[in-house]
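Single-structure report; data block below.
By convention here, the first residue in the shown sequence is residue 1.
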Amino acid sequence: MSTRRGVGLSAFTHRNATTQSYASHGATLRNSHTTSLQTQLSVFQSLLHTFALEHSETIKSNPTFRAEFARMCNVIGVDPLAASNVKGKHGGGRGSTSTLRGGEGSSSGVGSFWTQIMGGDMNDFYFEVAVRVVELCRETRGVNGGLLGVEECRERVGKGRVIGGGLEVSDDDVLRAVSSLEPLGSGFSIIHVGRKQYIRSIPKELNTDQATVLEAIQVLGYVSVSMLQVNLEWEKARAQTVIDDLLADGLVWVDLQCAEKEYWSPQGLLGDWEEG
């Protein structure tokens with residue numbers, strides 16, 4: 001005679017009870033972990049608030065320190081340029097609850113982290129940088145086709161009128177200023193071509209061939225149709241088509257004083273002329 005037990009409805013009942021027990025225990029653990037993580041995040045944000053107050057002058061005056069501080073904010077989910085309900089120096093609130101990614105903790109009509117912690121100086125600084133970036137993109141669009149190098153932009157912003165009461169502008173500041181324009185749907189974005197970053201101010205995507213040619217120009221200084229054929233093993237028609245598209249968009253300039261037409265980046269040419 002078989003001695004096995006747990007056969008029939010009782011086995012199913014026991015199995016269902018065990019499954020429900022595991023599910024309940026799992027939910028309890030998840031809730032416990034979530035509460036713990038929220039508590040830790042709140043502590044980190046409070047410490048960040050205190051750190052910002054203690055080092056506000058260094059954050060303002062040192063662009064490298066400012067960039068690292070902003071990265072530290074991003075690690076724990078704080079966007080310094082987003083709306084926030086952080087209590088400022090005279091806010092009278094307890095601790096700090098900065099805006100989190102995804103909108104948690106945000107408060108409409110309230111200033112950014114910069115404003116609440118360090119006053120309006122930093123918020124105005126990024127606003128001024130963003131305005132100047134837009135101006136430069138528009139001024140240079142006719143010669144660069146709407147692709148302005150981040151480094152070149154930073155140099156021009158630094159050479160222009162005083163920004164943020166004379167604060168030094170870094171590449172990171174330019175990137176964050178461009179990022180702050182995204183909610184406006186302005187079409188400004190950052191793209192990577194080879195080792196360089198560009199501010200794109202026209203709603204047009206570079207295809208793979210165009211990006212490859214622009215990267216080759218970064219390395220070689222210029223390209224020609226025959227160079228593309230030899231180095232990339234492209235057919236002449238393909239190379240010429242890509243060059244013609246870039247030329248039409250103002251992303252390359254042509255030198256007709258050579259045995260074969262050479263195509264240069266206006267970014268490099270303008271930079272050489274300014275240094276000269």
Side-chain angles (χ1 to χ4, degrees), residues 63-64 66-71 73-74 79-82 101 112 114 122-164 167-219 221-223 242-243 245-253 263-275:
T64 302
R66 183 165 61 247
E68 292 303 320
F69 173 75
R71 291 190 182 93
C73 289
N74 290 336
D79 183 355
L81 297 178
R101 296 189 185 97
S112 77
W114 293 125
M122 289 307 301
N123 214 45
D124 293 342
F125 167 72
Y126 280 106
F127 174 77
E128 291 181 43
V129 173
V131 170
R132 186 64 182 132
V133 167
V134 172
E135 292 176 347
L136 286 172
C137 286
R138 289 178 176 175
E139 290 172 6
T140 61
R141 190 174 295 167
V143 296
N144 60 29
L147 286 182
L148 177 62
V150 170
E151 183 178 353
E152 177 190 355
C153 181
R154 185 255 305 158
E155 292 175 352
R156 292 195 176 198
V157 169
K159 292 179 181 177
R161 59 177 178 269
V162 176
I163 299 291
L167 298 180
E168 183 180 351
V169 180
S170 68
D171 287 358
D172 187 82
D173 292 328
V174 172
L175 295 175
R176 294 185 185 282
V178 173
S179 177
S180 72
L181 296 171
E182 292 180 2
L184 303 178
S186 54
F188 288 81
S189 60
I190 301 296
I191 67 171
H192 293 77
V193 178
R195 300 184 302 274
K196 292 190 64 175
Q197 296 183 101
Y198 291 87
I199 303 169
R200 186 180 65 198
S201 58
I202 52 174
K204 181 176 181 179
E205 296 284 348
L206 290 176
N207 61 41
T208 303
D209 285 356
Q210 291 172 332
T212 300
V213 171
L214 291 178
E215 185 174 355
I217 293 177
Q218 286 183 23
V219 176
Y222 70 94
V223 296
V242 176
I243 287 292
D245 289 342
L246 292 173
L247 191 61
D249 290 335
L251 297 176
V252 298
W253 287 359
Y263 300 90
W264 299 71
S265 167
Q267 308 275 345
L269 292 175
L270 292 175
D272 292 341
W273 289 342
E274 289 181 353
E275 290 178 2

Gap between atom CG of Asn144 and atom SG of Cys137 - 0.5 Å precision
7.5 Å

Nearest 0.5 Å, what's the OG-OH distance between Ser265 and Tyr222?
15.0 Å

For the atom pair CZ (Arg156) and CD (Glu152), what is the distance rounded to the nearest 0.5 Å?
4.5 Å

If I compare all heavy atoms of Trp264 with all of Gly221, which pair ends up nearest, and what's the gap?
CE3-O, 3.2 Å

Rounded to the nearest 0.5 Å, what's the gap from CG on Asp209 to CG on Leu246? Could you check?
9.5 Å

Taking the side chain as every heavy atom from C-beta outward, state whether Tyr126 and Ser180 have any pair of such atoms under 4.5 Å apart.
no

Working to the nearest 0.5 angstrom, can you tell me the gap between Leu206 CG and Leu214 CG?
6.0 Å

Contacts of Gln210 that satisfy side-chain hydrogen bond (donor to acceptor under 3.5 Å, both in side chains) - sequence neighbours left out
none

CA sep, side-chain torsions, deciding dist, call: Asp172, Thr64, side-chain contact (heavy atoms from CB on, under 4.5 Å):
CA-CA 8 Å; Asp172 187 82; Thr64 302; over 6 Å; no

Measuring from atom CD of Glu215 to atom CZ of Arg195, what distance do you get when rounded to the nearest 0.5 angstrom?
7.5 Å

Return the set of residues passing side-chain contact (heavy atoms from CB on, under 4.5 Å) with Ile243 (not counting sequence neighbours), or none when no residue passes.
Val213, Val223, Leu228, Gln240, Tyr263

With sequence neighbours excluded, residues passing side-chain contact (heavy atoms from CB on, under 4.5 Å) with Glu139:
Arg132, Glu135, Leu136

Test log, rule side-chain contact (heavy atoms from CB on, under 4.5 Å), inputs Ile190 and Ile199:
CA-CA 5 Å; Ile190 301 296; Ile199 303 169; 3.8 Å; yes

Using side-chain contact (heavy atoms from CB on, under 4.5 Å) as the criterion, list what pairs up with Glu68, not counting sequence neighbours.
Arg71

What residues form a side-chain hydrogen bond (donor to acceptor under 3.5 Å, both in side chains) with Asp249, not counting sequence neighbours?
Lys204

Nearest heavy-atom neighbours spanning Arg176 and Ala67
NH2-O, 4.1 Å

How close do Val193 and Ala211 get, heavy atom to heavy atom, and via which atoms?
CG1-O, 3.7 Å

Set out, in order, the CA-CA distance, both residues' side-chain angles and the distance that settles side-chain contact (heavy atoms from CB on, under 4.5 Å) for Cys153 and Val133, then state yes or no.
CA-CA 7 Å; Cys153 181; Val133 167; 3.7 Å; yes

Please identify each residue that fulfils side-chain hydrogen bond (donor to acceptor under 3.5 Å, both in side chains) with Arg154, with sequence neighbours left out.
Asp171

With the threshold set at 4.0 Å, does a side-chain nitrogen-carboxylate oxygen contact exist between Asp173 and Arg66?
yes

For Ser201 and Phe188, the nearest pair of non-hydrogen atoms, with its separation, is CB-CE2, 3.5 Å

Sorted by chain and residue number, the side-chain contact (heavy atoms from CB on, under 4.5 Å) partners of Phe127 (sequence neighbours excluded) come out as Val131

Once side-chain hydrogen bond (donor to acceptor under 3.5 Å, both in side chains) is applied, do any residues pair with Thr212, and if so which ones, sequence neighbours excluded?
none

